[in-house]
Asker: 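Provided herewith is a single structure, encoded as structure tokens, for subsequent inquiry.
All values below were derived from every heavy atom in this structure, side-chain atoms included, with hydrogens, water molecules and symmetry-related copies excluded.
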Amino acid sequence: MNGKLANISKWAFGILALITVVIAVMYYLVVGTIKPDFDAGLATPRADMYLNWGYILIILGIVLAVISAIFSGIVKGVKGKTLIVGAIAIAIIAVVAYVMAKSCFDVPYTTSNAVTYSGKTHGWVEFALNFFYITLVVSVITILFSVIYKAVKK
């Protein structure tokens with residue numbers, strides 16, 4: 001069963017990598033000749049294409065991570081209680097990261113050519129960074145605890 005899953009993962013990664021290469025070629029050869037309209041506050045079509053593909057990859061990554069965790073739990077026989085505890089831990093980290101970033105959602109900012117953006121983008125970026133930092137700290141603490149616990153147990 002795991003061999004099939006590994007093959008599916010390899011093929012999925014290969015297809016996504018191929019699409020990324022095609023988009024990169026389009027970025028430099030086809031769309032590279034279009035000039036941006038900075039006065040209207042519009043980004044280049046190349047940047048929009050890359051950002052949209054990045055959004056798609058992020059969403060696919062999140063969906064595949066959730067599906068992989070559930071599928072692995074089913075294959076390995078992990079109890080539902082363990083999955084629920086993990087989901088609750090992720091939800092708690094997300095809530096803490098959002099509360100820490102809440103003040104950033106109302107901060108307006110401007111660019112050099114006086115185009116004003118909402119603080120919503122700023123807030124979501126702050127949320128994502130806080131989520132990453134909290135997850136990093138929790139994982140380092142967990143690794144240290146595991147190493148110390150195994151050393152003391154022997």
Side-chain angles (χ1 to χ4, degrees), residues 1-38 40-102 104-105 111 117-151 153:
M1 189 77 152
N2 287 338
K4 288 182 181 181
L5 185 60
N7 286 337
I8 292 171
S9 299
K10 287 178 187 177
W11 278 101
F13 175 74
I15 290 169
L16 292 175
L18 182 65
I19 293 171
T20 303
V21 168
V22 168
I23 288 176
V25 168
M26 288 175 55
Y27 177 86
Y28 288 108
L29 298 179
V30 179
V31 187
T33 59
I34 300 172
K35 300 296 179 197
D37 187 7
F38 290 118
L42 301 174
T44 64
R46 296 184 297 180
D48 288 343
M49 183 174 54
Y50 262 165
L51 286 173
N52 289 336
W53 180 243
Y55 296 147
I56 290 169
L57 287 178
I58 288 171
I59 291 169
L60 278 174
I62 291 170
V63 168
L64 290 175
V66 169
I67 290 173
S68 174
I70 292 170
F71 186 74
S72 295
I74 292 171
V75 169
K76 292 181 180 180
V78 176
K79 297 178 183 170
K81 181 180 174 184
T82 306
L83 292 174
I84 291 172
V85 169
I88 290 172
I90 290 172
I92 290 171
I93 292 172
V95 167
V96 170
Y98 180 79
V99 169
M100 289 173 62
K102 192 168 184 173
C104 295
F105 281 92
T111 61
Y117 297 94
S118 74
K120 191 172 186 181
T121 303
H122 201 178
W124 284 116
V125 169
E126 186 73 23
F127 164 75
L129 286 171
N130 288 341
F131 189 88
F132 172 75
Y133 294 146
I134 293 169
T135 306
L136 178 69
V137 169
V138 168
S139 65
V140 168
I141 289 171
T142 304
I143 290 169
L144 289 175
F145 176 77
S146 174
V147 168
I148 292 170
Y149 181 76
K150 287 180 181 178
K153 191 175 178 182

Asker: Could you measure the distance from the CD1 atom of Ile56 to the CD1 atom of Ile19? Nearest 0.5 Å is fine.
Answerer: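 If I round to the nearest 0.5 Å, the distance is 8.5 Å.
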
Asker: Would you find a donor on one side and an acceptor on the other, under 3.5 Å apart, between the side chain of Ser139 and the backbone of Thr135?
Answerer: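 Yes.
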
Asker: Which distance, rounded to the nearest 0.5 Å, do you find between the CG of Leu64 and the CD1 of Ile59?
Answerer: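 That separation rounds to 12.0 Å.
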
Asker: In terms of the angle between their ring planes, are Phe127 and Phe131 parallel, tilted or perpendicular, with boundaries placed at 30° and 60°?
Answerer: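 It falls in the tilted class, 30° to 60°.
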
Asker: Roughly how far, to the nearest 0.5 Å, is CG of Leu60 from CD1 of Ile67?
Answerer: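 Taking CD1 in Ile67 and CG in Leu60, the distance rounds to 9.5 Å.
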
Asker: To the nearest 0.5 angstrom, please state how far the CD1 atom of Ile62 sits from the CG atom of Leu57.
Answerer: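 These two atoms lie 11.5 Å from each other.
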
